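Have a look at the structure below, then the notes.
In this chain, residues are counted from 1 in sequence order. On a predicted model such as this, the values are computed, not experimentally measured, just so you know. The analysis underlying the following values was restricted to heavy atoms, covering all of them including side chains, and did not include hydrogens, waters or symmetry mates.
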Amino acid sequence: MNHPRIGIRPTIDGRWGGVRESLEAQTMNMAKSAAKLISENLRYPDGEPVEVVISPTTIGGGGEAAICEEYFAKENVVGTLTVTPCWCYGTETMDLNPNTIKAVWGFNGTERPGAVYLAAVMAAYAQRGLPAFSIYGTEVQDKDGSGITEDVEKKILDFARAAVGVGIMKNKSYVNIGAVSMGIAGSVVNVDFLQKYFLQKYLGMRTEWVDMTEVLRRINLEIYDPEEYKKALAWVKENCKEGYDTNAGKNFPEVITKSRFIPDDKQWEFCVKHALIVRDILYGNPKLNDLGWHEEALGRNAIAGGFQGQRMWTDWLPNADFTEAIMASGFNWNGKKMPTPFATENDTLNGVAMMFGWLSTGKAPIFSDVRTYWSPEAVKRVSGKELSGYAKNGIIHLINSGASCLDASAAAKDEKGNGTMKEWWNLTEADIKACCEATDWCRANYEYFRGGGFSSHFRTAAEMPVTMIRVNIVEGVGPTLQVIEGHTCVLDNDVHKILDERTDRTWPTTWFAPKIGVGAADSVYNVMAKWGANHGATVEGHVGDRLLTLASMLRIPVAFHNVEEERIFRPHSFNGFGTADLEGQDYRACAYYGPLYK
């Protein structure tokens with residue numbers, strides 16, 4: 001995986017003869033402290049620590065700024081953090097590279113005017129049309145203090161995390177396997193708009209399409225690693241227990257029975273091959289080169305993807321639920337592994353939302369239908385019981401046809417023994433075993449999926465902070481983002497059973513209670529009513545602030561969120577587009593600056 005780096009730029013008062021010399025150590029120590037903070041707290045999606053480089057010299061003027069820029073150009077720097085405890089010459093020391101994400105940390109001290117430089121350089125960035133993030137601590141520090149205050153730490157990490165996410169996406173591919181599924185808008189996005197305008201100009205990504213027949217070709221010609229196939233199939237037989245069969249005892253019409261192309265006793269073999277092949281299409285596999293399939297071994301440089309499935313595939317072949325669930329999970333037959341944002345029904349826009357959530361957390365993203373709003377009154381009417389706790393104001397049923405990551409069972413345990421979803425690199429063998437045991441695999445409902453397949457089935461069994469995300473395309477605006485924080489809920493068993501079985505009982509369920517009374521989320525009903533599409537992506541943690549910071553870097557306005565105002569961190573120049581209405585400010589700034597990659 002590409003490892004885009006954060007570059008630290010220690011700027012300094014350029015006056016030699018006592019001033020500069022007295023500041024060299026303090027300025028460089030600020031840079032070292034920031035680099036240590038980032039590398040010790042942030043990781044790339046592959047689990048490796050984020051890499052940080054520091055300018056080979058402090059920067060007192062244009063000559064040293066050029067030395068720094070030349071060095072960073074060779075070091076794959078995606079974002080620059082300028083740090084200083086003192087006054088510096090603003091336009092002479094600023095990062096003028098239009099291709100880097102920028103932030104400046106001005107030390108809050110009284111001996112030297114780091115805050116004055118910060119204000120001056122923010123004005124310069126605003127005048128030159130280069131959005132930059134301003135970092136300034138709330139507490140005055142002593143000049144010899146080496147620590148970073150908590151509020152500054154958070155802003156540095158939020159900036160670096162989002163900037164690295166921007167760099168990770170750049171030049172990667174979103175691979176669509178198939179095309180439009182059942183008229184779902186997220187998978188029917190205008191090709192030119194999706195490829196040239198959204199993914200290319202906003203995210204710096206390539207869009208690729210692969211016909212679903214490519215999967216069949218590779219199955220029939222055995223273009224997969226036979227040894228890994230044996231290993232994966234054995235793992236499935238040991239860990240993927242079958243659950244409820246909704247088809248048992250039904251007398252199906254001929255149109256369904258004639259469509260049962262893959263025999264029941266061969267369906268798992270087909271599903272496992274499908275999963276291996278889809279992964280290889282996205283990432284490549286050197287084992288295929290050893291087998292003589294040189295082109296197939298290369299993959300498509302993917303970071304995310306989706307599978308159409310319905311209906312041209314699923315009307316006669318097993319669905320892709322196993323593939324979609326295991327791709328998005330933090331583990332498979334090889335043990336713990338990096339999740340892949342992979343969209344059911346090729347809903348590309350929800351796949352991008354999954355990708356944003358994964359890049360912001362390192363945790364497996366959940367793909368769900370945003371299915372039903374249950375008011376407290378409706379729950380009491382059908383179950384005879386009242387909702388309580390996080391669920392007291394109502395809940396939203398997040399459910400999908402068995403394609404949610406297994407991590408969403410919340411069977412993994414934190415250090416206190418509570419159910420949770422972890423960064424994939426922190427999963428233990430016990431966590432993986434518990435997630436497998438919490439999940440059964442139900443045969444697909446043949447009335448919907450004539451070709452069969454298996455749906456992951458579990459119930460999110462812990463109350464966790466989570467964030468639900470959606471990317472939408474709105475004519476006249478372009479891409480927008482929705483971000484709603486809340487909690488998963490554990491309902492009484494009898495209440496869960498009554499509500500859950502009103503829909504498809506073979507699918508995984510997460511009960512979601514949005515945080516209300518903050519921002520636009522004034523009620524649970526309005527979260528459901530204002531949601532932009534039929535799908536949503538959910539990640540563990542209240543990370544809406546991280547997502548808003550990422551969106552501001554990409555110039556994607558956030559249309560609907562419940563993140564407290566004091567947690568919002570966007571470029572300083574956005575304040576020039578109005579301060580009373582932050583949503584309007586965001587829209588105006590994003591519209592003016594336009595996509596990140598013009």
Spacing of [atom1] belonging to [X] relative to [atom2] belonging to [Y], to within rounding of 0.5 Å:
X      : Y      : atom1 : atom2 : answer
Tyr446 : Ser259 : OH    : OG    : 12.0 Å
Ile469 : Thr538 : CD1   : OG1   : 7.0 Å
Ile395 : Trp374 : CD1   : CH2   : 8.0 Å
Leu216 : Leu317 : CG    : CG    : 5.5 Å
Asp545 : Lys155 : CG    : NZ    : 11.5 Å
Glu214 : Ile223 : CD    : CD1   : 6.5 Å

Which atoms form the tightest heavy-atom contact between [X] and [Y], and what is the distance?
X      : Y      : answer
Asn393 : Val524 : O-CG2, 3.6 Å
Ala364 : Gly330 : CB-N, 4.2 Å
Pro376 : Leu387 : CA-CD1, 4.1 Å
Trp424 : Gly47  : CZ2-N, 3.9 Å
Ile177 : Val278 : CD1-CG1, 3.9 Å
Ile556 : Leu481 : CG2-N, 4.0 Å

Between the side chains of [Y] and [X], is the shortest nitrogen-to-carboxylate-oxygen separation below 4.0 Å, so that they form an ion pair?
X      : Y      : value
Arg371 : Asp369 : yes
Glu447 : Lys250 : yes
Asp158 : Arg161 : yes

For [X], I'd like to know if atom [atom1] has over 12 heavy atoms of other residues, nucleotides or ligands within 6.0 Å.
X      : atom1 : value
Lys530 : NZ    : yes
Glu150 : CD    : no
Lys237 : NZ    : no
Tyr448 : OH    : no
Tyr44  : OH    : yes
Phe261 : CZ    : no

Does the [X] side chain pair with the main chain of [Y], one donor and one acceptor, at a distance under 3.5 Å?
X      : Y      : answer
Thr439 : Phe458 : no
Ser404 : Ser368 : no
Asn562 : Glu485 : yes
Tyr174 : Gly305 : yes
His487 : Val466 : no
Asp315 : Arg450 : no
Thr467 : Val539 : no
Glu296 : Asp280 : no
Thr246 : Asn445 : no
Trp425 : Glu48  : no

Sequence neighbours excluded - side chain to side chain donor-acceptor pair (under 3.5 Å) pairs with any residue from residues 333-343: Glu228-Trp333, Glu228-Asn334, Lys231-Asn334, Tyr283-Thr340
Side chain to side chain contact (heavy atoms under 4.5 Å, CB included) between Val215 and Ile281, intermediate numbers included: CA-CA 9 Å; Val215 177; Ile281 288 173; 4.1 Å; yes
pair [X]-[Y]: side-chain heavy atoms closer than 4.5 Å:
X      : Y      : value
Asn285 : Leu276 : no
Met169 : Phe356 : yes
Met468 : Val370 : yes
His274 : Pro318 : no
Ile6   : Val164 : yes
Val490 : His496 : no
Pro4   : Lys170 : no
Glu153 : Asn41  : no

Side chain to side chain contact (heavy atoms under 4.5 Å, CB included) partners of Ser388, counting only residues at least two apart: none
Pair Thr348, Asn176: side-chain N/O donor-acceptor within cut-off below 3.5 Å: yes
Donor + acceptor pair across side chains of Asp500, Thr509 (<3.5 Å): yes
With Arg43 via side chain to side chain donor-acceptor pair (under 3.5 Å) - residues at least two apart: none
Set of side chain to side chain donor-acceptor pair (under 3.5 Å) partners for Lys422, sequence neighbours left out: Asp431
With Phe454, the ring pair (Phe, Tyr, Trp, His ring centres under 6.0 Å) member among Trp268, Phe322, Phe449, Trp441: Trp268
Parallel, tilted or perpendicular: ring planes of Tyr373 versus Tyr525, cut at 30 and 60 degrees: perpendicular
From CA spacing to verdict: salt bridge (charged side-chain N to carboxylate O under 4.0 Å, His left out), Asp347, Arg470: CA-CA 11 Å; Asp347 185 346; Arg470 175 70 197 188; 2.8 Å; yes
Listed partners of Trp235 passing ring pair (Phe, Tyr, Trp, His ring centres under 6.0 Å), at least two apart: none
Residues that Phe367 engages under ring pair (Phe, Tyr, Trp, His ring centres under 6.0 Å), provided they are two or more places apart: His535
Candidate pair His457 and Trp507, rule ring-ring contact (aromatic ring centres under 6.0 Å, His included), full reasoning: CA-CA 5 Å; His457 172 252; Trp507 296 350; over 10 Å; no
Stepwise side chain to side chain donor-acceptor pair (under 3.5 Å) test for Asn301 and Lys172: CA-CA 6 Å; Asn301 192 38; Lys172 285 292 185 180; 3.1 Å; yes
Test log, rule side chain to side chain donor-acceptor pair (under 3.5 Å), inputs Asn418 and Thr420: CA-CA 6 Å; Asn418 299 315; Thr420 189; over 6 Å; no
